[in-house]
Number of protein chains: 2
Amino acid sequence: MAASNTMMSLPKLEEYLSAKGYRLTDQRRALLQVLWEADCCLTAQELYTRVLAARPGTNFSTVYRNLEVLNQLGVICLVDNGQQAHAFELNVDGAHHHHIVCRSCGRTRRLDFCPFDAWSGPEGFVCVEHKFEVYGYCESCSPKARKR
Amino acid sequence: MAASNTMMSLPKLEEYLSAKGYRLTDQRRALLQVLWEADCCLTAQELYTRVLAARPGTNFSTVYRNLEVLNQLGVICLVDNGQQAHAFELNVDGAHHHHIVCRSCGRTRRLDFCPFDAWSGPEGFVCVEHKFEVYGYCESCSPKARKR
DNA sequence: CTGGTTGCAAATCATTTGCAGACAA
DNA sequence: TTGTCTGCAAATGATTTGCAACCAG
């Protein structure tokens, strides 16, 4: 599948949830599967649509509740795609990273540079978190961008 | 006043709006004044409350519409404070910058470091915009932070 | 069995919009 | 005068929540 990580398989993920005391419902499995197969970050709406195909009858709020669970467990990360709705992505290796978001096709790509690689942080301030997203046009969309 | 910039006075700002063809209504003046007097980024709600004090009867949607106008003109900038609602700040000198947001008191501080100062950007991607915000605890709140 | 989960419907919350009257230039 | 603005009220869209039924372990 398209998941770019190599740390944990889908069964391992389910095992992990289980070990943490969460039940493996059809809805949860379907969501994990969808996240696993996604080749880039997806919005709750997009995830919901895909989950629905795999497991008809699933409710939108169930998807949201499970995204919350996965987020708490650190299994997914939230991406600020610059739109009103967040995007979500599986992050099984748990490595810190940021994203590039294409303004044309909406696709996201993982970014390995972090501002704190090159900067020690602001003085007189205890940093606990940060957000860094880059918006622009990916290789396949950039010709379009030049016309702007 | 608390505005930290030195590029443009409040009357100059009004003049600027006027020159751009915008009318100087009481509501607009009140909003500009509130933004001018603010010592850090404020949410639409906070701005609205303050505008209301100066100009009773002003409607929330008027505040939003004017924030949109000011944003289009590049007179204010939006800050992602990590909460559901955005924060707004006057940015009369128009200089690009980011923000530090205190998780305890909610105050924001301008940051002069930009990730692109130390990085050339992702390959095969045309960057048109980016977002960088740092969350943590400011000097007066960090003792509290240590107790966490 | 039994508490974690779900479906459903209604509630939030920030922000936006249609419209008719009001007002700056 | 006239087109921009405003107040009002209702709509939007993402996300959340209360509650009773349901089902994984």
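Letters A, B, ... mirror the listed sequences (proteins, then strands); counts begin at 1.
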Is the shortest side-chain N/O distance from B:Arg28 to OP1 or OP2 of D:dC5 below 4.0 Å? yes
With distance as the sole test, does B:Arg107 use its side chain to make a donor-acceptor pair with the main-chain N or O of B:Cys40 at under 3.5 Å? no
To 10°, what angle do the rotation axes through the five end pairs on each side of the helix from C:dC1-D:dG25 to C:dA25-D:dT1 form? 30°
Quick check on C:dG7: is either OP1 or OP2 less than 4.0 Å from any side-chain nitrogen or oxygen of A:Arg55? yes
Separation between CZ of A:Arg109 and NE2 of A:His97, rounded to the nearest 0.5 Å: 12.5 Å
Reading DNA chain D from 5' onward, which residue's closest nucleotide shows up sooner: A:Asn59 or A:Gln45? A:Gln45
Indicate the ring-plane relationship of A:Phe60 and A:Tyr48, choosing parallel, tilted or perpendicular according to the 30° and 60° boundaries. parallel
Phosphate OP1/OP2 of C:dA14: any B:Gln83 side-chain N/O under 4.0 Å: no
Option among A:Leu31, A:Asn91, A:Asn71, A:Asn66 that satisfies the side-chain contact (heavy atoms from CB on, under 4.5 Å) test with A:Ile76: A:Asn71
Is any side-chain nitrogen or oxygen of B:Tyr64 closer than 4.0 Å to OP1 or OP2 of C:dT16? no
May I have the step-by-step check of side-chain contact (heavy atoms from CB on, under 4.5 Å) for B:Val134 and B:His98, ending in yes or no? CA-CA 8 Å; B:Val134 179; B:His98 299 284; over 6 Å; no
Quick one: is D:dT6 close enough that its OP1 or OP2 comes under 4.0 Å of any side-chain N or O from B:Asn66? yes
Look up atom CG in B:Leu32 and atom CG in B:Leu24, then write down how far apart they are to the nearest 0.5 Å. 8.0 Å
Could you tell me whether the phosphate oxygens of D:dG7, OP1 or OP2, come under 4.0 Å of any side-chain nitrogen or oxygen in B:Ser61? no
